[in-house]
Amino acid sequence: MTAMPLPQRYLTVRMNDLHAQYQQIKGEVDGALAQVMQEQSFVLGPQVQRFEADFANYCKVGHCIGVSSGTDALVLALLAAGVGEGDEVIAPALTFGATIEAICQVGARPVLCDIDPTHYTIDPEQVRRCLSDRTRAIVPVHLYGQVADMDGLSVLAAERDLVLVEDAAQAQGARYRSEPAGSLGRVGCFSFYPGKNLGAYGDAGGITTDDDVLAERLRRLRNHGQVPGDKFNYREIGYNARMDGFQGAVLSAKLPHLNDWNERRRSIATRYRTELGDLECIAQPVEAQHVHHIYHLYVIRTPDRDNLASSLRAAGVEATVHYPHPMHLTPAFRLLGNGEGSLPVSEQVCREILSLPLYPEMSDEQIDWVIDAVWRHYT
Ligand SMILES: Cc1ncc(COP(=O)(O)O)c(C=O)c1O
């Protein structure tokens, strides 16, 4: 393959380009933000309510509760599900820190579990080995936009009466057996951090559930324990974890585009997979059975990761690692007691993975450039 000269404006192919997306939907987003100014409803309010209704509908669940971040979504979901002091919660060692942090924040003990070496999501067989009398919940992470093995996990949860709290922070629009992420466990937790497939213009999160009682409690917990519609009636000790009006407005404006954006991500992934497929030294992402993957990240794997990353950066391609360390080998979570070598698949995967740029607004030229830069490293 020959290297095409890259026009100056593309000299860096970044991991994401939120400005390019804003240019495409500027009218809709600006209009939605102006509406918030008009209504002066900056915290919760009509724009958040509208988004909650639309996103619940999108996820095919009875409720979406808009909150201030994906991390708060996890904390509140665990609390509302009754997880706390003395409980153990099983979660994968390969994830963003917030998954494990949230379990600690509610006073429970995270039990870190190894992952499936092909799909990088939590391995139900390994979960079985982590079970104890104290296990109360499992938090599968739908990592990189790929839903975890919910069949295997649901069997375990049913056998042991465990709560399944989906960490769907990276999986807006992903599906499992045609059912949306966020509708597969007792409760689903989303991050709408700006770089997510559906991203706000600041921090925001959402909790999805079909459970009316849980939803009611979540609406209280996010707002200082106050009963909705009955201000200053503190039913329990809560949090300030409400979604902002501006974020609700931006998310409502963006939601109708999500499926198209996810399809574009999938078609870029297909190009990478096809056009890099002959490079035997690289393992391409593998879509698990029953999963509609939405490629929040396109993560390849190669023993030559660090050299490849340097070559790509030299060629103007931003390539980053999600994530360089499994949770048990980071200073914050070493205290959990899993030493080096205890979760070998996660450890090996973290040494070899590399995320290539992938976002819906990438031009075909930019995709060519990335593919070409990878080939040039090996030829
Ligand atoms: C898997 C996962 N869980 C939780 C979070 C936390 O979300 P937030 O940054 O919105 O608090 C993130 C955010 O990146 C994430 O990727």
Side-chain angles (χ1 to χ4, degrees), residues 15-16 18 48 51 55 64-79 89-106 110 112-113 115-116 119-122 137-148 150 153 164-174 181-182 184-185 187-208 218 222 239-244 246-248 250-251 254 265 293-299 320-327 330 332-333 346 349-350 353 355 358-359:
M15 286 298 293
N16 205 345
L18 295 177
V48 172
F51 173 68
F55 197 64
C64 169
I65 296 95
V67 293
S68 40
S69 69
T71 309
D72 289 333
L74 286 162
V75 169
L76 297 192
L78 288 164
L79 279 174
V89 177
I90 301 173
L94 178 61
T95 183
F96 180 69
T99 315
I100 312 305
E101 181 183 275
I103 298 167
C104 298
Q105 303 286 8
V106 303
L112 297 178
C113 180
I115 54 166
D116 162 355
H119 309 110
Y120 313 142
T121 49
I122 196 166
I138 307 171
V139 182
V141 179
H142 303 326
L143 198 70
Y144 311 144
Q146 163 126 278
V147 179
M150 294 306 287
L153 296 170
L164 275 181
V165 177
E166 298 175 69
D167 183 339
Q170 303 185 2
Q172 301 90 349
L184 305 163
V187 56
C189 301
F190 289 88
S191 164
F192 301 120
Y193 182 78
K196 295 292 193 272
N197 290 32
L198 178 64
Y201 283 1
D203 275 314
I207 310 172
T208 48
L218 286 164
R222 74 170 169 187
Y239 292 77
N240 179 352
R242 304 166 298 215
M243 184 186 277
D244 284 355
F246 283 124
Q247 308 313 338
V250 169
L251 291 167
K254 284 187 170 193
R265 285 177 182 271
H293 194 321
I294 47 97
Y295 293 95
H296 173 57
L297 292 168
Y298 190 90
V299 178
T320 44
V321 178
H322 300 88
Y323 299 94
H325 313 288
M327 283 298 115
T330 64
F333 300 111
S346 304
V349 164
C350 284
I353 46 181
S355 309
L358 191 160
Y359 56 92

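Just so you know, ligand 1 is whichever comes first in the structure, and atom 1 is the first atom listed for that ligand.
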Least distance between heavy atoms, K196 atom then Q170 atom: CE-CG, 4.3 Å

So do the side chains of [X] and [Y] get within less than 4.5 Å of each other, counting heavy atoms only?
X    : Y    : result
T121 : V141 : no
Y323 : L143 : yes
I90  : I122 : yes

Short side-chain to backbone donor-acceptor contact, R222 and V67, under 3.5 Å: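 Checking the backbone N and O of V67 against the side chain of R222, no donor-acceptor pair under 3.5 Å is found.
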
When you check ligand 1 against the protein, what N or O pairs turn up below 3.5 Å? List the atom names and distances, or just say none.
unit_1	atom_1	unit_2	atom_2	d
ligand 1	3 (N)	D167	OD1	3.2
ligand 1	3 (N)	D167	OD2	2.8
ligand 1	7 (O)	S191	OG	3.3
ligand 1	10 (O)	G70	N	2.8
ligand 1	10 (O)	S191	OG	2.7
ligand 1	11 (O)	G70	N	3.3
ligand 1	11 (O)	T71	N	2.8
ligand 1	11 (O)	T71	OG1	2.5
ligand 1	14 (O)	K196	NZ	2.6
ligand 1	16 (O)	Q170	NE2	2.9

Aromatic ring proximity, centroids under 6.0 angstrom, F96 and Y193: no

